[in-house]
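Comments concern the structure below.
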Amino acid sequence: MSKPKIAFFDFAGCEGDQLTVVNLEEALLDVLEHVEIVSFREAMKEHSDDYDIAFIEGSCTRVADEARLKDIRKNAKIVVAIGACATSGGINALKNIRPLETVRKEVYGENWKDYDTYRARGIGEVIDVDYKVYGCPMTQSEFVKVVKSLLTGTQPDIPNYPMCVDCKQAGNVCVFEKGQTCVGPITRAGCDACCVTEGATCWGCRGLVNDPNVDAHKEVLEKYNLSVDELTKRMATYFTNELPKG
Amino acid sequence: MATAMNDKSLYAPVIATIEEAKMLTTTEKYFKLKLNNGNELGHKPGQFVEVSVLGIGEAPISISSSPTQKGYFELVVRNAGNVTGALHKLEAGSTVGIRGPFGTNFPYEETKGRDILFVAGGLGLAPARSFINYVLDNRGDYKDVTILFGAKSPTERFFTDELKKISEMKDVNLLETVDNGDASWTGNTGVITTLFSKINPNPNTTSCVVVGPPIMYKFVIAEAKKKDITDDNIIVSLERNMKCGVGKCGHCQINNLYCCQDGPVFTLAEVGQIPEAF
Amino acid sequence: MSNGNLNIDIHYVTRVEGHGNIVVNAKDGNVENVQWQGPEAPRYFEAMVIGQKWDMLHHITSRICGICSIGHTSASVKATENAMGLKLSDQSELLRRLAIHAENLQSHVLHVGYLVLPDLVGVGSVIPLATSHPNEVKTVIKLHRIANQMSDLVCGRTIHPQRIIPGGFSKVPTIDELKGLKDTLLSAAPDLTAVGNLLKALAPKLPNFTRETEYVSLTDKNEYALYDGLLGSSLGDTAPITEYETWTNEFCVPQSTAKYTKRKQDSLMVGALARFNINHAQLTPNAKKYAEEIGLVAPCYNTFMNTVAQFVECIYMVDDSVRIIDELLHRGIKEETVEVKPKAGRGIGVVDVPRGILIHDYTYDDDGVCTKANCIIPTNQNHNNIQRDMEALVPQIVNKPQAEVELLLEMLVRAYDPCISCSTHYLKVNFNNK
Amino acid sequence: MTAKTLSKENFKKFAENLVKSERTIGVKAKETKYEFGNINNADEIVMDYDVTLRSPRTFFQPPKEKLFDFKLGANTEIKPNIEADPFVLLGIHSYDLKALNQMDIIWDENNADQHYKARRNAATVIALEPTQASEWSFWGSMDSSTVDKGYDLLLTDIGNKYYVEVGTEKGANLLSKYASAEDATNDDNTARDKVRSELPNLCKADRKVKCDTDGITASMKNSYNNAIWEKLAEKCYSCGSCNLVCPTCYCFDVKDTIELDLATGQRTRKWDGCLLEPFAKVAGDENFRENRADRFRHRILRKTVYVADKLNGELACVGCGRCSSTCLPDITDPVKILNELCS
Ligand SMILES: Cc1cc2nc3c(=O)[nH]c(=O)nc-3n(C[C@H](O)[C@H](O)[C@H](O)COP(=O)(O)OP(=O)(O)OC[C@H]3O[C@@H](n4cnc5c(N)ncnc54)[C@H](O)[C@@H]3O)c2cc1C
Ligand code: SF4
Ligand code: SF4
Ligand code: SF4
């Protein structure tokens with residue numbers, strides 16, 4: 001069997017997910033035993049449009065990106081969205097919570113119209129996506145897991161339960177016990193709650209778990225003295241495009 | 001005690017080789033297997049094994065062959081996900097991991113001398129077959145034997161050669177139906193419960209064995225009850241999520257019962273009142 | 001030979017962060033058009049943070065760039081700290097410096113080893129290098145991994161760090177971890193030498209191109225400035241960071257979503273070469289020795305030597321990290337709690353990150369909610385210099401075959417190690433030079 | 001068996017010797033809380049803690065545990081991983097030991113789990129009667145303030161010394177090897193009895209289960225269709241925190257991982273929880289406990305009815321209060337639920 005050809009693409013994002021791939025170090029060489037990378041702008045000059053699997057990082061933030069995305073979809077047998085920006089709009093979607101014109105004028109002043117942009121969205125809103133690797137950035141282990149799934153033709157086992165599970169398994173003190181708040185109880189697990197383990201709180205970068213109990217969490221956050229505005233902002237950091245409207 | 005077990009760990013399988021593999025329908029594949037250590041599996045009709053494709057995972061699969069067949073055992077696997085999908089890619093000569101046999105069995109001893117009514121829906125024929133074939137191989141031990149088999153469509157019927165043979169047997173009453181027929185189909189159409197109007201089991205002497213998809217039970221049980229078959233004599237085989245097969249992982253619990261240990265074969269008397277059973 | 005006819009349209013320079021295009025047209029040796037374009041999708045960070053609370057800003061602005069996320073986080077928390085009058089403990093100051101070293105080291109090794117070396121060896125990426133130069137590639141990987149381990153240990157993660165918070169650190173490494181890190185860094189000496197020797201052997205392949213320009217970096221009388229200092233110029237003057245706006249006059253140009261900058265001269269350059277030119281005297285002996293051996297002498301006006309300057313800094317950063325760790329070990333490490341009482345004010349945070357000076361400038365209201373933000377990104381300061389360099393370089397090479405010209409221009413861009421996706425957002429807008 | 005005493009000073013020496021020579025797991029501070037962990041220095045040990053974040057089951061059924069390694073190929077190899085490095089578990093509170101005793105039964109019945117048993121046999125258990133109760137503890141109401149089996153040594157703080165009940169030969173040997181203990185006197189016995197009798201009162205007055213433990217199972221059996229489950233579960237995150245911190249939860253998930261060589265790998269098991277949405281799901285997306293309320297009820301009934309059945313009627317809630325404290329919406333507290341449902 002010939003090696004599947006893979007390509008990396010990026011849209012609006014910080015390239016942290018592609019860096020995560022580079023950071024695989026020796027494991028990347030192991031991956032290369034099984035796949036052929038035909039396009040990876042961040043790391044190589046060669047490029048080919050003949051690929052089987054496309055890994056796409058970043059959000060779609062302007063009409064012009066849509067055509068490029070559709071081309072990639074046409075060329076690829078399998079499209080994998082990597083990182084929060086691509087799976088849900090990620091941090092980029094924060095700009096969606098304020099009026100677009102205000103946002104554009106704040107940054108580019110009177111020239112704001114010269115710089116094309118629209119509501120930041122995950123690429124799944126533009127093209128069909130076969131797999132999603134969540135996280136900001138995605139974790140190395142989940143990326144490798146998905147690669148192995150692609151190689152073995154199975155569905156990767158991506159958790160569908162809240163971050164609290166990872167946190168309890170890691171033995172963390174709940175941030176609520178420390179007078180802080182987080183959105184872990186409605187966030188999809190799978191990162192070993194790394195941010196909480198490192199002394200921060202869960203910001204929600206892996207997106208909402210399926211069937212999140214958002215109302216219950218709003219109530220809890222209010223109980224912990226978060227103002228409605230703060231609460232909305234906390235939820236907006238990564239959930240803007242995922243939360244039910246209204 | 002289970003025979004296909006690693007003596008160091010409950011959870012480590014032993015290796016079995018696929019002697020024969022063939023597609024029965026577009027979604028069901030048949031496997032004939034032999035344990036590499038030469039042991040007989042030694043199962044009873046209705047029991048299941050945990051089948052491993054190492055690196056992918058493990059899935060509980062009912063043993064489809066009767067223990068009267070020696071030297072091998074048979075499975076029928078529907079492609080439903082990762083493990084079953086990986087199994088579908090395997091051909092004769094490949095190896096798989098096996099643990100088992102596990103669980104309770106159909107009451108093949110207790111029902112000797114009685115009439116047996118099998119009601120099998122779709123894939124339910126696979127586990128039912130272990131008992132059906134046992135009965136056929138010990139035909140003298142049982143009285144009237146009736147088999148009701150329902151499939152969604154004619155193309156989803158499997159073991160058709162065997163069904164044909166059975167249909168030719170004088171001492172077995174086989175009734176089939178499909179939910180939706182096609183041009184080739186001349187038999188009954190309609191859901192499996194429609195076959196009940198064609199039979200007349202004796203409630204005092206009949207044991208009714210029901211195996212099929214979760215949705216089927218409620219309706220079939222109601223029909224069996226209408227025929228006055230008692231809860232003791234309605235026997236079901238239930239499916240649950242199972243991760244260990246040995247009563248530890250907790251996934252298969254039906255309220256207080258462990259489907260893998262207390263089941264998968266239950267009488268309605270045991271589970272009829274249990275809210276989570278159906 | 002191209003006979004002086006060039007039609008170059010490089011759609012996305014590869015092996016750089018973000019999307020950048022090169023367009024060059026020349027006819028019969030006359031250069032008609034030279035353009036460095038930044039078509040990256042704009043991301044509007046300065047607008048995203050408006051209305052956000054002080055404890056969210058570093059998390060959000062970290063996402064400006066995955067490669068220098070430690071730098072962005074550091075600049076961000078420094079801005080918040082300055083706005084709220086928070087003072088860091090000595091321990092936190094040391095750890096912050098270690099964090100910046102970790103990131104600069106990671107980024108430089110990546111740039112020198114994965115992005116530039118292939119050009120010097122004449123291949124398209126590090127992947128064929130892994131076959132042709134397996135030992136060298138393994139050594140580069142090893143150094144890169146050590147840098148990442150250092151980030152993990154100090155910052156909690158390599159990309160988008162979690163431990164760096166306004167006021168200090170939410171978690172600190174243990175003594176044992178620091179001891180282990182020191183051993184690892186010391187054990188990396190032969191690896192640094194090996195990569196250094198390879199670079200020395202290949203350095204003659206770096207084009208000899210000079211264009212005098214102004215260099216800007218942080219500068220400090222006590223140390224080779226990275227984490228803190230004054231704004232300093234190769235023209236000799238310095239200024240407190242509060243004056244950054246007059247040093248980084250930004251202006252919009254139509255070909256780019258990134259803004260351009262200039263100061264006293266037509267353009268300016270920031271980054272490793274700028275730091276070397278301004279602060280070389282404060283390097284460690286090891287770093288100085290290597291610079292001398294490879295022929296990097298200040299002032300150096302050859303942009304291509306930026307890569308060499310980066311490697312000199314790698315040597316410096318390993319040395320200085322060991323020094324910092326020794327100091328931490330000597331002092332002992334303790335968990336510190338940080339209490340922040342938000343208050344209104346404006347704060348500017350600056351660090352010199354892999355690609356140059358990075359500035360975050362926030363204004364907060366009484367509740368610690370951000371009302372105004374400005375982020376000045378190093379690559380953004382370099383765009384104008386890239387354009388000017390190209391304008392100077394193309395006429396010198398206009399008669400070379402097109403492929404060669406393309407390669408040289410790509411190498412030029414790569415020498416800057418640009419971070420294009422992070423350079424696509426500004427707040428303060430001057431349209432004077434439109 | 002015999003009873004000894006150890007002055008606090010001698011206990012300190014004992015702990016120091018222990019830490020030097022044996023792999024010792026004890027309680028230490030973690031931020032504002034306590035946790036069990038490897039002790040490298042006797043000074044880290046905390047003996048007057050209230051409760052630990054996670055239960056000691058971590059050391060008998062780790063959060064993630066390799067069951068076996070495998071190697072694919074012409075001759076597939078399977079290598080079970082049984083971990084049995086001896087260790088001393090120091091300072092496990094009575095209620096947690098009661099839970100451990102229950103787990104001994106659960107893991108042993110029908111099919112004995114070799115992985116659990118190996119670790120259990122490798123452990124020397126030095127139990128400790130609590131001197132503090134957390135604000136959520138209610139072991140005083142659950143017959144768990146003391147235990148009468150499962151320990152090698154059992155310590156009771158009787159003021160300036162520990163009363164040491166020797167439970168096994170193993171315990172006796174440990175003591176004689178590392179400590180200079182004295183025989184317990186009649187006064188010591190009296191002091192210890194007094195401390196014991198007052199243990200239940202360490203739990204706060206409002207942390208009492210009002211009904212008799214004997215009646216709980218019967219009452220809970222009758223409450224299957226009570227509206228309480230729906231009402232409380234409305235706020236449930238399905239986060240499983242209540243499962244994961246509980247000393248008597250033992251459910252697990254099993255996963256295969258394959259290395260990038262696609263030839264070697266492991267099968268592991270991982271803590272799971274019946275509150276999690278996918279727990280009872282099967283292929284084809286049929287979920288046998290689809291509603292939050294079904295899952296929520298299942299946990300409480302497991303503790304009070306289903307698992308209790310396997311334990312000769314002993315309740316599988318020992319009153320540690322961990323689930324109560326971990327549940328952010330504050331719906332899962334057994335005290336509130338039992339007091340509402342049991343008459
Ligand atoms: C007692 C019993 C007998 C069975 N007999 C047969 C049979 O003869 N033929 C047949 O094709 N199928 C049978 N099944 C169903 C079969 O086990 C599932 O289809 C299979 O587990 C799906 O696993 P998968 O990895 O292919 O699917 P995935 O959806 O990828 O499975 C994901 C995970 O969920 C678990 N899971 C999903 N569905 C089930 C399920 N129904 N039961 C237990 N665990 C599940 C698996 O353990 C797996 O880890 C039986 C199930 C039980 C409980
Ligand atoms: S803990 Fe939360 S914010 Fe951090 S990586 Fe995981 S999902 Fe993202
Ligand atoms: S009861 Fe509480 S702790 Fe348990 S799953 Fe629900 S919300 Fe989580
Ligand atoms: S149910 Fe709650 S209180 Fe009871 S033992 Fe479990 S965690 Fe402790």
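Values below: every heavy atom of this structure, side chains too, minus hydrogens, waters and symmetry copies. Lettering follows sequence order; numbering is per chain, from 1. If you're wondering where the values come from, they're calculated on a predicted model, not measured in any experiment.
- Looking at R63(C), its side chain does come within 3.5 Å of a backbone N or O of H59(C) through a donor-acceptor pair.
- Between chain C and the residues G199(A), G90(A), A64(A), the largest count of heavy-atom pairs under 4.5 Å involves G199(A).
- A salt bridge does not link E25(A) with K138(C): every distance from a Lys NZ or Arg NE/NH1/NH2 to an Asp or Glu carboxylate oxygen is 4.0 Å or more.
- For the pair D17(A) and G83(A), the tightest heavy-atom approach, listed with the atom from each and the gap, is OD1-CA, 3.4 Å.
- Distance check, rounded to the nearest 0.5 Å: CD of E46(C) to OH of Y44(C) gives 11.0 Å.
- A salt bridge links D50(A) with K5(A); the closest basic N to acidic carboxylate O contact falls under 4.0 Å.
- Contacts between L19(A) and chain C at a heavy-atom distance below 4.5 Å involve backbone atoms as well as side-chain atoms.
- In this structure, chain C has a heavy atom under 4.5 Å from the side chain of R234(A), while its backbone stays farther away.
- There is no contact between Q18(A) and chain C, counting heavy-atom distances below 4.5 Å.
- Between the side chain of E103(C) and the main chain of G71(C), a donor-acceptor pair closer than 3.5 Å is present.
- Of the listed residues S59(A), A12(A), G58(A), C195(A), the one with more heavy-atom pairs under 4.5 angstrom with chain C than any other is C195(A).
- With a 4.5 Å cut-off on non-hydrogen atoms, C194(A) touches chain C through its side chain but not through its backbone.
- Looking at T158(C), the atoms closer than 4.5 Å to chain A (heavy atoms on both sides) all sit in the side chain, from C-beta outward.
- For L28(A), no part lies near chain C; criterion is any non-hydrogen pair under 4.5 Å.
- Residue V13(C) touches chain A through its backbone alone, counting heavy-atom pairs closer than 4.5 Å.
- The residue among T61(A), T197(A), T201(A), T117(A) with the most heavy atom pairs within less than 4.5 Å of chain C is T117(A).
- Interface summary for chain A: among K142(C), E410(C), H160(C), the most heavy-atom pairs under 4.5 angstrom belong to H160(C).
- When heavy atoms are compared at a cutoff of 4.5 Å, F11(A) approaches chain C solely by way of its backbone atoms N, CA, C and O.
- Salt-bridge annotation for D65(A) and R62(A): present, with a side-chain N of the basic residue lying under 4.0 Å from a carboxylate O of the acidic one.
- Proximity to chain C (any heavy atom under 4.5 Å) is shown, for C136(A), by both the backbone and the side chain.
- Heavy-atom pairs under 4.5 Å with chain A were tallied for I141(C), I165(C), V49(C), V369(C); the largest tally goes to I141(C).
- A salt bridge links E26(A) with R145(C): at least one charged nitrogen is closer than 4.0 Å to a carboxylate oxygen.
- A donor-acceptor distance shorter than 3.5 angstrom exists from the side chain of N96(A) to the backbone of A120(A), with no hydrogens or angles considered.
- A salt bridge links R98(A) to E106(A): at least one charged side-chain nitrogen sits closer than 4.0 Å to a carboxylate oxygen.
- Within the 4.5 angstrom heavy-atom criterion, atoms from both the backbone and the side chain of T20(A) approach chain C.
- Neither the backbone nor the side chain of D119(C) has a heavy atom closer than 4.5 Å to any heavy atom of chain A.
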| task | Take R206(A) and Y238(A), measure what side chain to side chain contact (heavy atoms under 4.5 Å, CB included) needs, and give me the verdict at the end. | result | CA-CA 8 Å; R206(A) 290 177 56 82; Y238(A) 288 100; over 6 Å; no
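- Comparing D10(A), T237(A), V22(A), D229(A) by heavy-atom pairs within less than 4.5 Å of chain C, the highest count is held by D10(A).
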